Amino acid sequence: MAPPLLPQSSDRLPPAMCPPTPTATAYVPHRGGVFGLPAVPASAGEARRTVRELLGEWGVTPDLREDALLITSELVTNALTHTTSEWIVCRLHLTGQRLRIEVEDQNCGHAQPARRRPGPDDQNGRGLMLVGMLSSDWGVDDTPQRSGRVVWAELPSEGRETAEPAPPTA
C-alpha cells in the first residue's frame, strides 16, 4: 500500500501569506507539521526525533517539549502495537493556546483505545494513563472516508501547572 498523501505544513508559508487580522491585538501564528512513517518499531524513535526538531524550531519550552515527546511516543507505540497499519501519520498543531498532537493509523482494530488500570506487576497498560495525566484533553476520532482512526492529545502551550511538592515527612 502506498504512503498517504501529506498536505504541506502551514509553518512553511511566508509571513506575508498569513497577515494578522485587523481585529487581533497580537498576531499569534499557527504552526503545523505533518509527517508519515512506516508502521515498524523504529518509527517510534523517528517520530520523537521529528517532533523534537519541529518543537525546537518553533521555540517551544523544554517542559512542554518533553511532555509532547512522551505523548507522541505513547500514541505512536499504540498505533504500532494495536493496529495492522502499514503507515501512520503524525500531525502537530501549535496555536497561541494549545499544542495538539495527532496520530492516525490505517486500521481501527478491534477495540477503541481506552485507559486501563494495570496492576503493579503489569508491564503494559500505562500509556494512555500517562497521556491523560500530561494532557489537558485527549480522544479518539474515526478518520472520515477511511478505515483508520486518529488518537489525539492537547497540551496548553504555556505548559501544565504543577502542584507544589509536599514537604518531606520525618
Side-chain angles (χ1 to χ4, degrees), residues 1-13 29-95 98-118 121-157 159-160:
M1 177 177 256
L5 296 176
L6 303 175
Q8 292 297 317
S9 174
S10 62
D11 68 330
R12 307 283 189 231
L13 295 175
H30 172 95
R31 304 267 178 130
V34 179
F35 57 96
L37 298 166
V40 297
S43 291
E46 183 61 31
R48 284 190 300 274
R49 282 186 290 281
T50 303
V51 169
R52 184 180 291 115
E53 287 175 15
L54 278 172
L55 297 181
E57 289 174 12
W58 298 348
V60 170
T61 64
D63 287 344
L64 178 59
R65 189 169 44 231
E66 290 304 313
D67 288 351
L69 289 172
L70 180 55
I71 288 172
T72 300
S73 184
E74 293 299 334
L75 297 183
V76 168
T77 299
N78 281 353
L80 297 173
T81 304
H82 300 292
T83 73
T84 58
S85 300
E86 293 180 24
W87 284 87
I88 57 172
V89 177
C90 299
R91 295 180 193 87
L92 279 80
H93 307 278
L94 178 67
T95 64
R98 65 181 170 86
L99 171 65
R100 182 178 174 106
I101 302 165
E102 299 177 353
V103 175
E104 179 180 338
D105 62 54
Q106 293 174 308
N107 185 315
C108 283
H110 296 290
Q112 286 280 11
R115 275 182 165 173
R116 296 191 299 188
R117 294 188 183 271
D121 296 328
D122 290 343
Q123 294 183 10
N124 298 312
R126 292 174 179 79
L128 290 178
M129 184 171 63
L130 287 170
V131 169
M133 289 170 44
L134 295 174
S135 65
S136 57
D137 196 13
W138 73 276
V140 181
D141 297 321
D142 290 333
T143 55
Q145 290 92 31
R146 295 191 298 276
S147 65
R149 72 175 142 232
V150 175
V151 183
W152 55 269
E154 293 182 349
L155 295 95
S157 61
R160 60 187 156 90

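What's counted below: heavy atoms across the whole structure, side chains too, no hydrogens, waters or symmetry copies. All values derive from a computational prediction rather than experimental measurement.
Here the side chain of Ser73 pairs no donor or acceptor atom with the backbone of Leu69 at under 3.5 angstrom. Side-chain atoms of Asp105 come within 3.5 Å of backbone atoms of Arg149 as a donor-acceptor pair (strictly under, hydrogens ignored). Side-chain atoms of Glu102 do not come within 3.5 Å of backbone N or O of Val150 as any donor-acceptor pair. Here the side chain of Thr72 pairs no donor or acceptor atom with the backbone of Arg48 at under 3.5 angstrom. In terms of modelled atom types and a separation under 3.5 Å, the side chain of Ser85 and the main chain of Ala39 share no donor-acceptor contact.
The two residues Arg100 and Glu154 come nearest to each other via the heavy atoms NH1-OE2, 2.8 Å. Looking at every heavy atom in both residues, Val103 comes nearest to Ala79 through CG1-CB, 4.0 Å. Here the closest non-hydrogen pair linking Gly33 and Leu54 is CA-CD1, 4.2 Å. Residues Leu64 and Pro156 come closest through the heavy atom pair CD1-O, 3.6 Å. Of all heavy-atom pairs between Ile101 and Leu155, the closest is CD1-CD1, 3.8 Å. Here the closest non-hydrogen pair linking Leu37 and Cys90 is CD1-SG, 4.5 Å.
A heavy-atom distance below 4.5 Å is not found between the side chains of Asn78 and Val151. Between Val51 and Leu92 the shortest side-chain heavy-atom distance falls below 4.5 Å. Between Ile71 and Ser135 the shortest side-chain heavy-atom distance falls below 4.5 Å. At a threshold of 4.5 Å between non-hydrogen side-chain atoms, the residues Asp67 and Leu99 do not count as touching. Here the side chains of Trp152 and Asp137 are in contact, with some heavy-atom distance below 4.5 Å. By the 4.5 Å heavy-atom criterion applied to side chains, Glu66 and Leu70 are not counted as neighbours.
The distance from the CH2 atom of Trp58 to the CG atom of Leu94 is 6.0 Å, given to the nearest 0.5 Å. For the atom pair Arg91 CZ and Glu104 CD, the distance stands at 4.5 Å (nearest 0.5 Å). Within the model, atoms CD of Glu53 and CG of Leu55 stand 10.5 Å from one another, a figure rounded to the nearest 0.5 Å. Distance check, rounded to the nearest 0.5 Å: CZ of Arg52 to CZ of Arg65 gives 8.5 Å.
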